Structure formats: structure tokens, C-alpha cells
Amino acid sequence: MIPKKPPDPRLAFDPEELGLSEPGRVFYRRGTVAVARSLVGAYLARRHRGRWYGARIVETEAYLGARDRAAHSWGGRRTPRVEPMYSDGGHLYVFLVYGMHHCANVVTRREGVPEAVLLRAAEGPEGAPRLAAGPGKLCSALGITTRDNGLDLLADAIRIFLPGRRTHRRLGVTPRIGIDYAGAARDWPLRFYDKDSTSVSSHLRHGDIRSRRE
DNA sequence: CACATGATCGCCT
DNA sequence: GGCGATCATGTGG
């Protein structure tokens with residue numbers, strides 16, 4: 001069989017040592033904005049050849065299904081590519097953009113409600129600087145490709161781990177990136193990020209949003 | 001630092 | 001046939 005693309009060895013980590021735990025299905029079935037906020041500070045992890053590799057998520061975006069012009073499922077579009085967005089909360093939706101970069105999404109809500117959270121950036125340990133600072137780089141660092149499309153985050157080799165309670169985190173909110181075509185939805189405040197992380201994606205790193213004029 | 005551009009291909013119209 | 005839920009590199013100020 002064809003070997004999967006391996007994760008970057010610098011992302012090796014131990015969920016138990018960090019005191020992390022996995023959420024249940026109900027976590028993912030909540031409102032998409034709530035899930036997007038909760039995932040900032042959580043860990044995206046992959047089991048590869050008996051070891052865990054993972055990175056702490058520092059930036060996410062919510063995509064609100066049929067009513068959201070920026071979402072692939074806008075207007076209820078249901079094509080083979082988008083199909084995983086219609087699955088039950090807690091599944092993975094991976095797609096290819098610009099012919100070369102992959103983007104990973106966590107599906108939310110119930111089966112039939114096509115909403116998801118785009119994982120835009122994550123950070124590894126010291127020594128892996130900005131390895132996953134962008135949606136394409138995040139997938140590249142963990143070796144996530146369309147082969148992983150549709151995986152169940154509660155059963156398969158890609159998982160989400162939540163940090164312990166009282167974990168410090170300052171959450172920033174802005175409009176989403178790269179969706180200027182989306183009409184009014186362009187300005188919805190659906191991007192969430194860790195204000196104290198240096199690994200957010202490169203567009204707005206040194207501060208706030210650029211002015212958006214029509 | 002602020003743009004501009006090229007690479008590259010699956011998906012949708 | 002056109003265009004992205006991107007990124008690295010190159011130009012100019």
C-alpha cells in the first residue's frame with residue numbers, strides 16, 4: 001500500500017503527559033461558533049506508527065452552512081466534495097485549494113446540517129517555529145491530505161484533545177480571511193485566534209484587520 | 001512593510 | 001473555462 005505522508009517529527013507529543021482529554025460527540029454537535037471558540041487552545045493530533053504527533057490550535061474560522069456565502073455548502077450545495085460537511089459533528093472535512101494546499105475542517109452540528117470549523121493555524125513546541133502557521137502549513141506539518149477526508153475524530157487516527165480547565169487563553173475575533181467574494185458574510189466576525197500566539201497565519205500577524213472598503 | 005505574482009488542479013457552471 | 005477557505009518569493013518604498 002502507499003504510505004501516508006508522515007507528520008513532522010518535531011510535532012511528537014504525549015497527550016497523557018499534558019493532561020489532555022478527548023471530547024465526546026456532543027462537543028462537536030454544538031453551535032459552530034461555540035465549537036470554533038473552544039478549539040482555540042485545543043490540540044489537533046495524529047497517531048502515526050504507534051506515536052502521537054500534535055499541535056496546539058491557535059486560529060480557527062466558523063463556516064455557517066447554507067446561509068453563509070463563504071461556505072462551500074452555501075445555498076445548500078451538496079456535491080461530492082462538500083459531502084463530509086453534511087456528516088455528523090466530529091468528522092474531518094479536508095479539501096484542496098489552489099491546486100496544492102490542503103485545508104482541514106472539523107465538522108459541527110448534526111448529520112444533514114453542513115457547518116464546519118476551518119483550522120487555520122497551530123503551534124508546535126519551541127524548535128518548530130511557525131511550522132503550522134496557516135491552514136495549508138498546518139496540514140502539511142501533520143501530513144493531512146484528502147486521504148484523511150471524512151475521518152471520524154472520535155474513532156480514527158486523527159483526533160482532537162482539549163486542554164485542562166483553567167488554561168489561560170486570550171481570544172481575539174475578526175472577520176474571516178480570503179473570502180472577499182462572500183458579500184455581506186465577508187464582514188461577519190467568525191475568525192477566532194489566540195492573542196498571545198506568534199503562530200497565527202501571516203496576514204494579520206502584527207495587529208488588527210486591514211480596512212475593508214466596498 | 002506593502003503589495004504583486006506564480007504555481008497548480010479539482011470542482012463547479 | 002475560470003477560479004479559489006494558500007504560500008513563498010520578489011519588487012519597490
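Since we're looking at a predicted model, the values are computed, not measured. Here is the naming used below: chain letters follow the sequence lines, and residue numbers restart at 1 for every chain.
A side chain to side chain contact (heavy atoms under 4.5 Å, CB included) with D194(A) is found for one member of H168(A), E59(A), R56(A) and no other, namely R56(A).
Rounding to whole angstrom units, CZ of residue R81(A) and C1' of dC9(B) are separated by 12 Å. Across the protein-nucleic acid pair, M100(A) atom CE and dT6(C) atom C1' stand 8 Å apart, rounded to whole Å. Atom-to-atom, CG of L96(A) to P of dC3(C) comes out at 18 Å; the value is rounded to the nearest Å. Between the NE2 atom of H102(A) and the P atom of dC7(C) there is a distance of 12 Å, rounded to whole Å. Rounded to an integer number of Å, the gap from CH2 of W74(A) to P of dC12(B) is 14 Å. Counting to the nearest Å, the P atom of dG4(C) and the CD1 atom of I177(A) are 16 Å from each other. What separates CZ of F192(A) from P of dA5(C) is a distance of 19 Å, to the nearest Å. Going from atom CZ of F95(A) over to atom C1' of dC3(C) covers 14 Å, rounded to whole Å.
Residue G136(A) is in sugar-phosphate contact alone, with no base atom involved, counting any heavy-atom pair closer than 4.0 Å across all strands shown.
Nearest nucleotide to the K137(A) side chain, out of dA5(C), dG10(B), dC7(C): dC7(C). The side chain of Y98(A) approaches dG4(C) more closely than any other nucleotide in the set dC7(C), dA5(C), dG4(C). Set against dT13(B), dC9(B), dT6(C), the side chain of R77(A) has dT13(B) as its closest nucleotide. Closest to the T79(A) side chain, of the nucleotides dC12(B), dA5(C), dG10(B), is dC12(B). Closest to the side chain of V82(A), out of dG10(B), dC12(B), dT6(C), is dC12(B). Closest contact between the side chain of H101(A) and the listed nucleotides dC12(B), dA5(C), dC7(C) involves dC7(C).
Side-chain heavy atoms closer than 4.5 Å link hydrophobic residues (I, L, V, M, F, W, Y) into clusters, and following such links, even through other members, never connects V82(A) to I144(A).
Checked against the 6.0 Å centroid threshold, W52(A) and Y43(A) do not count as a close aromatic pair.
Proximity of residues 56-64 of chain A to DNA chain B (heavy atom under 4.0 angstrom from any strand atom) is not detected for any residue.
Residues S201(A) and K137(A) have side chains that never bring a donor and an acceptor to within less than 3.5 angstrom of each other. Using modelled atom types and a 3.5 Å distance limit, the side chains of H72(A) and Y63(A) yield no donor-acceptor pair.
A 3.5 Å limit on both hydrogen-bonding distances identifies no Watson-Crick or G-U partner for dA5(C).
The cationic group of R191(A) lies under 6.0 Å from the six-membered ring centre of Y193(A) and within 45° of the ring axis, placing it in a cation-pi geometry.
Note: Y28(A) OH to D88(A) CG = 11.5 Å, rounded to the nearest 0.5 Å.
Atom name C1', nucleotides dG10(B) and dA8(C): the rounded distance is 22 Å, in whole Å.
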